[in-house]
Amino acid sequence: ELDITPQSLTIENEFISDVRELTVTTQNQSQIPVRWLQFRIPVSQGEAIGGISDFRAIRFMRMFMQGFRDSSILRFATLSW
């Protein structure tokens with residue numbers, strides 16, 4: 001379980017390994033600031049759910065998110081082992 005409140009999304013968070021902040025140009029030529037966070041979450045230390053015996057053959061993952069007050073955009077670059 002991971003807390004992703006604005007206050008917890010700093011490099012001091014034990015699961016965040018890198019933060020990149022930059023300005024990008026949108027399709028309509030606007031400049032907007034963006035922030036990318038790299039999370040490293042040790043799933044092998046987690047709890048096995050759904051009858052699996054180990055973490056060697058995981059093909060799919062579900063992520064449940066709740067408690068957002070405002071609209072949020074989450075973009076996932078890669079989910080890798």
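Numbers here are sequence positions counted from 1. Scope of the values below: all heavy atoms of this structure, side chains included, with no hydrogens, waters or symmetry mates.
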Peer 1: Show, in sequence, the C-alpha distance, side-chain angles and deciding distance for E21 and V34, and conclude whether the side chain to side chain contact (heavy atoms under 4.5 Å, CB included) test is met.
Peer 2: CA-CA 6 Å; E21 297 184 20; V34 297; over 6 Å; no
Peer 1: Kindly compute the distance separating CG (L37) from CD1 (I11), expressed to the nearest 0.5 Å.
Peer 2: 8.0 Å
Peer 1: Within the side chain of T25, is there an N or O that forms a donor-acceptor pair under 3.5 Å with the backbone of Q29?
Peer 2: no
Peer 1: Hey, does the side chain of T23 reach the backbone of Q31 with a donor-acceptor pair shorter than 3.5 angstrom?
Peer 2: no
Peer 1: Under 4.5 Å between side-chain heavy atoms, hopping through other hydrophobics if needed: is there a path connecting V19 to W36?
Peer 2: no
Peer 1: Less than 4.5 Å apart, side chain to side chain, heavy atoms only: is that true for T5 and S8?
Peer 2: yes
Peer 1: Honestly curious: do M65 and F15 fall in one hydrophobic cluster under the side-chain, below-4.5 Å linking rule?
Peer 2: yes
Peer 1: For T10 and Q7, work out which heavy atoms get closest and say how close.
Peer 2: CG2-O, 3.9 Å
Peer 1: Within the 4.5 Å heavy-atom criterion, are I32 and V24 side-chain neighbours or not?
Peer 2: yes
Peer 1: With side chains defined as the heavy atoms from C-beta onward, is the minimum distance between R35 and L22 less than 4.5 Å?
Peer 2: no
Peer 1: Should D18 and F39 count as side-chain neighbours, where that means a heavy-atom distance under 4.5 Å?
Peer 2: no
